[in-house]
**Q** 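Sending over a structure as structure tokens; questions will come in a sec.
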Amino acid sequence: MSENMSTNESTKLTKKEVDKIWWTWFKYALTVFGYERLQAPGFTLSMLPIFQKYYANDNEKMVAALKRHAVFYNTNIRKS
């Protein structure tokens with residue numbers, strides 16, 4: 001049981017990492033804005049530290065995560 005707990009503790013994001021992720025998103029979310037993908041490039045860039053931490057030993061999973069987060073998702077609030 002303690003082995004699982006230490007593994008879980010080592011994979012948690014630190015406050016410093018979360019702050020870095022937020023500031024990266026804050027700086028790039030709207031600067032890399034295009035109609036094809038909206039805010040996906042800025043969001044993917046901000047998620048990069050997480051991917052590097054969790055997929056450091058598995059490049060295939062990291063590439064899949066980058067592709068998964070770089071697709072279009074609608075961030076525009078539209079009232080009908």
**Q** Answer yes or no: is there a side-chain heavy-atom contact under 4.5 Å between Tyr54 and Leu13?
**A** yes
**Q** Enumerate the residue pairs fulfilling salt bridge (Lys or Arg N to Asp or Glu O under 4.0 Å) with a member in residues 19-29, sequence neighbours excluded, ordered by first and then second residue.
**A** Lys15-Asp19
**Q** Say whether, by atom type as modelled, one donor and one acceptor occur between the side chain of Thr44 and the main chain of His69 under 3.5 angstrom.
**A** yes
**Q** Report yes if the side chains of Trp25 and Met47 come closer than 4.5 Å at any heavy-atom pair, otherwise no.
**A** no
**Q** Where does the angle between the aromatic ring planes of Phe26 and Trp22 fall among parallel (under 30°), tilted (30 to 60°) and perpendicular (over 60°)?
**A** parallel
**Q** Nearest heavy-atom pair of Lys53 and Glu17: which atoms, and what distance?
**A** NZ-OE1, 3.0 Å
**Q** For Ala64, give me all partners under side-chain contact (heavy atoms from CB on, under 4.5 Å), at least two apart in sequence or on another chain.
**A** none
**Q** Rounded at 0.5 Å granularity, tell me how far NZ in Lys61 sits from OH in Tyr55.
**A** 7.0 Å
**Q** State, with a plain yes or no, whether a side-chain heavy atom of Leu48 is found less than 4.5 Å away from one of Ile21.
**A** no
**Q** In this structure, are over 12 heavy atoms from other groups packed under 6.0 Å from Glu60 atom CD?
**A** no
